[in-house]
Amino acid sequence: MIDADDTLWENNVYFERAIAAFISYLNHREYSPAQVRQALNAQEHETTMAAGYGLSSFTRSLVAVFEKLSPEPVTEHNIERVRSFARSIAEQEIELLAGVADTLRELAGRHRLILMTKGDQAEQADKLARSGLAEHFSAVEIVREKDRATYREVIARHQLKPYTSWMIGNSIKSDINPALAAGMHAVFLFHKDTWVLEHAALDEAPAGQTLLELDSFSKLAGIF
C-alpha cells in the first residue's frame, strides 16, 4: 500500500504557500506570524476532527481564524480574499516527486499495489487521475482517517496477509505507526514539507515486523 500526498506528488508545500499568503494578508499588529500559525494549527485540528480533510476544511479553518484575529472589521470582500488562498491550491498542477513515475512502473510489474490515502473523495480521486499513475494500482482506498482499525479493514477487504504486506508513506502519524499497529511492515519516506499535524514520534517495529526509513522513492526499487 502506498500513500499519495507528499509520497507520490507534492502537496503540503502548496498549503504552506497559501498559509504564508494568508498570514501576510492578515497583517496582524498584535500577534506574531508564529502565533497566527499556532492558532491556525489548532483550528485545523478542530475542523478536520469535525469535517475531515481537504480544501473545504482548510478553507473553513482559514476563514475561522481570520474572523477571530482580524485587526480590522471583517467584510465579505475580506472573506472572499481569504478563500482565494485556498482556491490557489486546487489550481496547482500535479508535480510528481523525483523518481516516482519510473519506480512505480517498475514496482507494479512485481507487486500488487494499492493506493491508500485519506481526504476528500473527489479531491483525491481527481489528483490521482491527473497524476497519470492510476494504471499502476490494482485498487484505490480513499478513507476518512488512517488509523489501526482502518488499516485492518483494508487488509480484510483485499484479503491481504499483514506479514507480507507493506505500507509506504511520508506521515509517521497516518502511514507508519498505525500500519505497524495493524501488523504490517512499513517504509517511512522522509519529506521535508510534511504537514505539521502529521508529525509524531516514530514507533519501533514490533517483533517480526520491519520498519525502513528512506529519503527517496527511487530507493524502493532496490528493496522490493
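For the numbers below, each heavy atom of this structure counts, side chains included, while hydrogens, waters and symmetry mates do not.
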Next on the checklist: Take a 6.0 Å sphere around NE2 of H45 and say whether it holds more than 12 heavy atoms from other residues, nucleotides or ligands.
Outcome noted: no
Checklist entry - Hey, does the side chain of S24 reach the backbone of A21 with a donor-acceptor pair shorter than 3.5 angstrom? => result no
Checklist entry - Between the side chains of N12 and E198, is a donor N or O closer than 3.5 angstrom to an acceptor N or O? => result no
Checklist entry - Going by the salt bridge (Lys or Arg N to Asp or Glu O under 4.0 Å) test, which pairs reach into residues 43-66, not counting sequence neighbours? => result none
Checklist outcome for this item: OG1 of T48 to CG of L197, rounded to nearest 0.5 Å, is 6.5 Å
Checklist entry - Do L133 and F217 share a hydrophobic cluster (ILVMFWY, side-chain heavy atoms under 4.5 Å, transitive)? => result yes
Item to check | Derivation of the side chain to side chain contact (heavy atoms under 4.5 Å, CB included) call for F85 and I19 | outcome: CA-CA 8 Å; F85 299 134; I19 290 170; over 6 Å; no
Checklist entry - After noting the C-alpha distance and the side-chain angles of F137 and I2, does the key distance pass the side chain to side chain contact (heavy atoms under 4.5 Å, CB included) rule? => result CA-CA 9 Å; F137 295 98; I2 303 178; 4.3 Å; yes
Checklist entry - Minimum heavy-atom separation for L160 to S165, with atom names? => result CB-OG, 3.7 Å
Next on the checklist: Do L69 and V63 sit in one hydrophobic cluster, given that two such residues count as connected whenever their side-chain heavy atoms are within less than 4.5 Å of each other, even indirectly?
Outcome noted: yes
Item to check | Intermediate values then yes/no, side chain to side chain contact (heavy atoms under 4.5 Å, CB included), H191 and T7 | outcome: CA-CA 8 Å; H191 191 296; T7 294; over 6 Å; no
Checklist outcome for this item: Looking only at heavy atoms, the pair that brings V196 and R37 closest together is CG1-NH2, 4.1 Å
Next on the checklist: For the backbone of K161 and the side chain of T164, can you confirm whether one donor and one acceptor N or O come within less than 3.5 Å of each other?
Outcome noted: yes
Item to check | Check: L220 and L107 side chains under 4.5 Å, non-hydrogen atoms | outcome: yes
Item to check | Derivation and outcome, side chain to side chain donor-acceptor pair (under 3.5 Å), residues R87 and S84 | outcome: CA-CA 5 Å; R87 284 199 300 272; S84 74; 4.9 Å; no
Checklist entry - Are any side-chain N or O atoms of H185 and backbone N or O atoms of T210, one a donor and one an acceptor, separated by less than 3.5 Å? => result yes
Next on the checklist: Looking at K118 and E141, is any side-chain nitrogen of the basic one under 4.0 Å from a carboxylate oxygen of the acidic one?
Outcome noted: no
Checklist outcome for this item: Tested for side chain to side chain donor-acceptor pair (under 3.5 Å) against Y53, the lone hit among E145, R144, E123 is E145
Checklist entry - Judged by atom type as modelled, is there a donor-acceptor pair below 3.5 Å linking the side chain of K146 to the main-chain atoms of M116? => result yes
Checklist entry - Mind checking whether Y25 and V74 sit in one hydrophobic cluster, side chains of I, L, V, M, F, W, Y counted as touching below 4.5 Å? => result yes
Checklist entry - Between R130 and A90, which heavy-atom pair has the shortest distance, and what is it? => result NH2-O, 4.4 Å
Checklist entry - Would a hydrophobic clustering, with Ile, Leu, Val, Met, Phe, Trp and Tyr connected at side-chain separations under 4.5 Å, put I114 with W9? => result no
Item to check | Non-hydrogen side-chain atoms of L214 and F190 separated by less than 4.5 Å | outcome: no
Checklist entry - Does any non-hydrogen side-chain atom of I89 lie less than 4.5 Å from one of F15? => result yes
Checklist entry - Could you state the interatomic distance from CD1 (I142) to CD (Q124), rounded to the nearest 0.5 Å? => result 6.0 Å
Next on the checklist: Can a donor-acceptor pair be found, under 3.5 Å and without considering hydrogens, that links the side chain of S57 to the backbone of G52?
Outcome noted: yes
Checklist entry - Is the closest side-chain heavy-atom distance between V36 and F66 below 4.5 Å? => result no
Checklist entry - How long is the span from the CZ atom in R110 to the CD atom in E106, to the nearest 0.5 Å? => result 4.5 Å
Item to check | side chain to side chain contact (heavy atoms under 4.5 Å, CB included) evaluation trace for E95 with Y14 | outcome: CA-CA 11 Å; E95 180 183 354; Y14 304 128; 3.1 Å; yes
Checklist entry - Is R83 paired with E76 through a side-chain N to carboxylate O contact shorter than 4.0 Å? => result yes
Checklist entry - Are L180 and L189 connected in the hydrophobic side-chain network, where two residues link if heavy atoms are under 4.5 Å apart? => result no
Checklist entry - Do the side chains of M184 and Y151 get nearer than 4.5 Å, heavy atoms only? => result yes
Checklist entry - Under a 4.5 Å cut-off applied to non-hydrogen side-chain atoms, are K127 and I94 in contact? => result yes
Next on the checklist: Counting neighbours of CD on E67 that are heavy atoms of other residues, nucleotides or ligands and sit closer than 6.0 Å, is the number greater than 12?
Outcome noted: yes
Checklist entry - Is the backbone of F224 close enough, under 3.5 Å, to the side chain of H111 for a donor and an acceptor to pair up by distance? => result yes
Next on the checklist: Using side-chain heavy atoms (C-beta onward) and a distance below 4.5 Å, is F58 in contact with T47?
Outcome noted: no
Checklist entry - Of all heavy-atom pairs between G169 and D3, which one has the smallest distance, and what is that distance? => result CA-CB, 3.8 Å
Checklist entry - Do S174 side-chain atoms and S171 backbone N/O form a donor-acceptor pair below 3.5 Å? => result no
Next on the checklist: Regarding S61 and Q43, do their side chains bring together a donor and an acceptor under 3.5 Å, going by distance alone?
Outcome noted: no
Checklist entry - Hey, are the side chains of L202 and L211 touching, using non-hydrogen atoms and a 4.5 Å cut-off? => result yes
Item to check | Main-chain N/O of G99 paired to D102 side chain as donor or acceptor, under 3.5 Å | outcome: no
Item to check | Gap between atom CE of M1 and atom CZ of R112 - 0.5 Å precision | outcome: 10.0 Å
Item to check | T194-N170 side chain donor-acceptor pair, cut-off 3.5 Å | outcome: yes
Checklist entry - With a cut-off of 6.0 Å (strictly less than), are more than 12 heavy atoms of other residues, nucleotides or ligands near NE2 of H199? => result yes
